Amino acid sequence: MKKLLILVMVLGVASMANATLQISVDGVQEPVDSEIFVTEIPSGILTLDVWTDTGLAWGAGSTVMLVCDTTLGTISGGTGVYPDAGVFVQGATQDYPTVIPPTGEEGVWGGAMAAQAAIPAGSTLWDEVLFHCEGEGDVVISLYEVIDGVGPGVLFDQVTIHQIIPEPMTMVLLGLGGLFLRRRK
């Protein structure tokens with residue numbers, strides 16, 4: 001019986017390699033390697049979720065992290081949607097020495113484990129992870145599988161966020177246009 005349980009666990013963890021975890025932005029399940037444009041800088045906040053497009057078989061699991069370049073943004077918070085099944089956001093990557101993000105990147109890490117039952121395709125695993133825009137430029141948010149003590153392993157998904165500050169002259173022209181429209185009425 002013990003050998004059978006070990007075999008099921010090994011097959012479950014191996015099946016995680018076939019699962020695809022992806023990032024959704026503000027509740028919209030984006031395609032893999034998508035691009036988002038943000039203009040509310042530096043106070044713009046996006047809500048990120050991690051979801052699975054193929055589902056997780058019973059016993060499948062992995063430790064994952066969601067990170068970005070800290071000069072352009074920060075990632076924090078998050079809750080596991082299936083806490084009873086073993087899906088959790090543990091904390092910040094910089095707080096745990098065995099969770100090693102790529103150089104210059106930080107974020108959150110946690111686990112995805114279908115411990116009690118299979119998790120169906122299209123399910124959100126992590127919810128309400130916050131990305132806060134810190135400056136103008138493009139930032140890539142990456143979702144990696146973690147290999148303890150070595151660093152990120154498999155790259156599941158990336159979302160490129162184009163942070164744009166509108167030019168002052170553009171804002172003046174938009175304001176004048178609004179005044180003229182108001183005056184015509």
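Everything numeric in this text was worked out from a predicted model, so none of it was measured.
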Considering all heavy atoms of both residues, which atom of [X] and which atom of [Y] are nearest to each other, and what is their separation?
| X | Y | value |
| --- | --- | --- |
| D49 | E128 | OD1-N, 3.2 Å |
| A112 | L56 | CB-CD1, 4.3 Å |
| A118 | P120 | O-CD, 3.9 Å |
| P152 | I100 | CD-O, 2.9 Å |
| V139 | F131 | CG1-CZ, 3.4 Å |
| A121 | D53 | CB-O, 3.4 Å |

[X]: partners by side-chain hydrogen bond (donor to acceptor under 3.5 Å, both in side chains), with sequence neighbours left out:
| X | value |
| --- | --- |
| D127 | none |
| S76 | none |
| S142 | Q158 |
| D138 | H162 |

*Please examine the side chains of V129 and V50, heavy atoms only from C-beta on, and report whether any two atoms are closer than 4.5 Å.*
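Side chain of V50 against side chain of V129, heavy atoms only: no contact under 4.5 Å found.
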
Flag side-chain contact, heavy atom, 4.5 Å: L48 against V159 =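 Contact flag for L48/V159 side chains = no.
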
Tell me whether V154 is reachable from L125 by hopping between hydrophobic residues (I, L, V, M, F, W, Y) whose side-chain heavy atoms are closer than 4.5 Å.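 Yes, L125 and V154 fall within the same hydrophobic cluster.
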
**Study point:** Hphob cluster co-occupancy, M65 + V140, side-chain heavy atoms under 4.5 angstrom
**Key:** no

Approximate separation, where rounding is to 0.5 Å, of I161 CD1 and D69 CG
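Answer rounded to 0.5 Å: 12.5 Å.
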
Taken to the nearest 0.5 Å, the spacing of I75 CD1 from L130 CG works out to 10.0 Å

In short, ring pair (Phe, Tyr, Trp, His ring centres under 6.0 Å) pairs touching residues 69-112 with sequence neighbours left out are Y96-W109

#### Entry: Residue list, ring pair (Phe, Tyr, Trp, His ring centres under 6.0 Å) with W126, at least two apart or on another chain
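Testing W126 for ring pair (Phe, Tyr, Trp, His ring centres under 6.0 Å), a comparison that skips the adjacent residues, returns none.
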
Would V87 and I119 count as a side-chain contact (heavy atoms from CB on, under 4.5 Å) if you check the C-alpha gap in whole Å, the side-chain angles of each, and the deciding distance to 0.1 Å?
CA-CA 10 Å; V87 177; I119 298 174; 3.9 Å; yes

For I147, the side chain to side chain contact (heavy atoms under 4.5 Å, CB included) test, sequence neighbours excluded, returns V150

Residues at least two apart in sequence or cross-chain that pass side chain to side chain contact (heavy atoms under 4.5 Å, CB included) with T74, listed by chain then number, are H132, E134

Listing, residues 101-108 side-chain donor-acceptor contacts under 3.5 Å, not counting sequence neighbours, or none:
none

